[in-house]
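Below, all heavy atoms of this structure are taken into account, side chains as well, without hydrogens, waters or symmetry copies. First the proteins, then the strands, lettered A, B, ... as listed; each starts at 1. Because the structure is a prediction, the values reported are computed rather than measured.
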2 protein chains.
Amino acid sequence: MQYSVMVEYALHSLVYLIDIPEEESIGIKDLSEFQGLSETYLSKVFGKLSKAGIVSSTPGVKGGYKLAKIPEEISFWDVIEAVEGKKTIFQCKNILKTNLMYRDNEECTSCTQSNPLCLINLTMLEAEEHMRKVLRNKTLAWLNKELDRVLPEKVRTDSQNYFKNKNSN
Amino acid sequence: MQYSVMVEYALHSLVYLIDIPEEESIGIKDLSEFQGLSETYLSKVFGKLSKAGIVSSTPGVKGGYKLAKIPEEISFWDVIEAVEGKKTIFQCKNILKTNLMYRDNEECTSCTQSNPLCLINLTMLEAEEHMRKVLRNKTLAWLNKELDRVLPEKVRTDSQNYFKNKNSN
DNA sequence: ATTATTATAGACTATATTAATCGACGATTA
DNA sequence: TAATCGTCGATTAATATAGTCTATAATAAT
């Protein structure tokens with residue numbers, strides 16, 4: 001039970017999109033090359049991010065991706081949900097012949113994700129919600145500030161220059 | 001990305017072990033029959049619970065499982081960890097050729113589960129920890145009390161009687 | 001207009017995981 | 001001694017994951 005590597009690829013890649021100038025964008029080829037990731041696979045990740053409205057794309061020569069919103073409005077959870085979908089972590093299968101967990105005399109066949117009745121499922125959802133709350137509070141803007149604080153300046157400017165030079169060719 | 005159904009099977013099945021008399025136990029056959037679950041698959045679940053010290057087993061005729069600890073000391077998280085293992089939900093692969101997320105000049109190849117350095121991984125671990133905290137606070141004793149409060153008395157006594165009668169045969 | 005470059009979509013593949021089943025073995029009780 | 005039960009390992013089918021490959025469409029530069 002783990003999130004797919006897509007989540008990791010997405011979060012790491014998005015970092016490089018935060019600081020770029022207004023009218024520029026970065027292509028998948030550069031992003032994958034710089035990080036040593038599969039180009040085709042990373043393009044799938046960005047397809048999902050694009051569909052979720054996290055990034056916007058411009059096709060064609062000198063095309064690429066940029067953030068579709070300000071970094072203050074893109075949270076870790078947004079990225080995870082874009083890539084992993086909206087499924088909950090715990091699966092309430094409702095397959096038990098005898099389900100004693102229902103509440104108020106309703107059967108657990110009506111225990112859906114949008115209207116959970118089962119106590120066990122409710123507990124899991126509550127726990128998940130605590131995780132999501134943390135993740136919703138961590139935005140790309142926050143991440144960028146933390147990286148500025150924590151990383152040597154050279155490391156940050158080096159990566160910025162890498163993409164800047166690629167764009168000016 | 002979801003927990004396996006084993007977690008659901010485990011939590012639902014453990015409910016019936018909470019209230020049984022001191023020297024009794026319930027067999028897989030009865031547990032699976034009552035809930036309409038696969039007998040062989042449920043036995044695998046209990047193998048894991050047994051290995052984790054959550055239940056204890058007695059083989060042979062009239063054998064079965066009982067809780068190995070008092071229900072106050074068995075949490076939802078204990079059960080999940082027993083069944084799913086100790087992996088974290090987010091996977092920090094350390095496979096990025098250029099990883100800019102490290103802290104204090106250390107490389108992210110040293111970013112392990114026990115000693116995470118990468119900011120993204122640290123954030124995910126923090127979020128997971130919030131979820132675990134909730135799950136560690138929910139014990140089988142708590143669940144049992146909630147079920148007493150929420151379910152009609154008949155439903156609870158019916159299931160208790162089911163296993164009691166099975167044992168007296 | 002043409003060409004090169006880029007995103008986008010879908011089909012395809014290999015591997016791993018999940019949810020099961022089956023059979024053999026060992027301990028226990030009647 | 002026989003029937004019952006937990007334990008272990010091998011096996012299987014279905015699904016998910018992590019990729020690749022190809023075709024298509026849009027764009028910018030020539």
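For B:Phe76, there are no ring-ring contact (aromatic ring centres under 6.0 Å, His included) partners at least two apart in sequence or on another chain. Partners of A:Ala52 by side chain to side chain contact (heavy atoms under 4.5 Å, CB included), not counting sequence neighbours, listed by chain and number: A:Ile54, A:Ala82. The side chain to side chain contact (heavy atoms under 4.5 Å, CB included) search around B:Tyr41 returns B:Val5, B:Met6, B:Tyr9, B:Ser38, not counting sequence neighbours. Taking B:Glu39 as the reference, nothing meets the side-chain hydrogen bond (donor to acceptor under 3.5 Å, both in side chains) condition, with sequence neighbours excluded. Annotation: side chain to side chain contact (heavy atoms under 4.5 Å, CB included) contacts of A:Glu84 (sequence neighbours excluded): A:Tyr3, A:Ser4, A:Val7, A:Ile80, B:Met1. A search for side chain to side chain contact (heavy atoms under 4.5 Å, CB included) contacts involving B:Ile26 returns B:Tyr16, B:Leu17, B:Ile20, B:Asp30, B:Leu31, B:Phe163, not counting sequence neighbours.
The distance between atom OH of B:Tyr65 and atom C1' of C:dA27, rounded to the nearest whole Å, is 13 Å. Following rounding to the nearest Å, A:Glu33 (CD) and C:dT5 (P) show an atom-to-atom distance of 13 Å. Atom-to-atom, NZ of B:Lys66 to C1' of D:dC5 comes out at 15 Å; the value is rounded to the nearest Å. B:Leu42 has its CG atom 16 Å from the C1' atom of C:dT18, to the nearest Å. Spacing between atom CG of A:Leu49 and atom P of C:dA7 amounts to 13 Å, rounded to whole angstrom units.
Residues B:Val15 and A:Met124 share a hydrophobic cluster, clusters being chains of Ile/Leu/Val/Met/Phe/Trp/Tyr side chains in contact below 4.5 Å. B:Phe34 and A:Leu119 fall within a single hydrophobic cluster, where Ile, Leu, Val, Met, Phe, Trp and Tyr side chains are chained together by heavy-atom contacts under 4.5 Å.
Contact annotation: B:Thr40 does not reach the phosphate of C:dA20 (side-chain N/O to OP1 or OP2, under 4.0 Å).
Among pairs with a residue in residues 48-58 of chain B, none fulfils salt bridge (Lys or Arg N to Asp or Glu O under 4.0 Å), at least two apart in sequence or across chains. Within the structure, the side-chain hydrogen bond (donor to acceptor under 3.5 Å, both in side chains) test picks out the following pairs touching residues 127-137 of chain B (sequence neighbours left out): B:Glu128-B:Arg132, B:Glu129-B:Arg132, B:Glu129-B:Arg136.
Each of A:Ser43 and A:Val61 lies near DNA chain C, and the nucleotide nearest A:Val61 is the one positioned closer to the 5' end. Take the nearest nucleotide of DNA chain D for A:Gly60 and for A:Ser38: the residue whose nucleotide is more 5' is A:Ser38.
A cation-pi contact, defined as under 6.0 Å to the ring centre and within 45° of the axis, links B:Lys138 to B:Trp142.
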Polar atom pairs (N or O), protein with nucleotides 16-18 of chain D, under 3.5 Å:
residue, atom, partner, partner atom, Å
D:dA18, OP1, A:Val5, N, 3.4
D:dA18, OP1, B:Gln91, NE2, 3.4
D:dA18, OP2, A:Val5, N, 3.3

Taking only N/O atoms, report every protein-nucleotides 10-14 of chain D pair under 3.5 Å with atom names and distance.
residue, atom, partner, partner atom, Å
D:dA10, N6, B:Lys44, NZ, 3.3

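Atom NZ of B:Lys66 has more than 12 neighbouring heavy atoms from other residues, nucleotides or ligands inside a 6.0 Å radius.
Under 3.5 Å, the side chains of A:Asn144 and A:Arg149 contain no donor-acceptor pair of N or O atoms.
For the segment residues 50-59 of chain B, residues with any heavy atom less than 4.0 angstrom from an atom of DNA chain D are, sorted by number, B:Ser50, B:Ser57, B:Thr58, B:Pro59. Contacts between residues 23-31 of chain A and DNA chain C, defined by a heavy-atom separation below 4.0 Å, involve A:Gly27, A:Ile28, listed by number.
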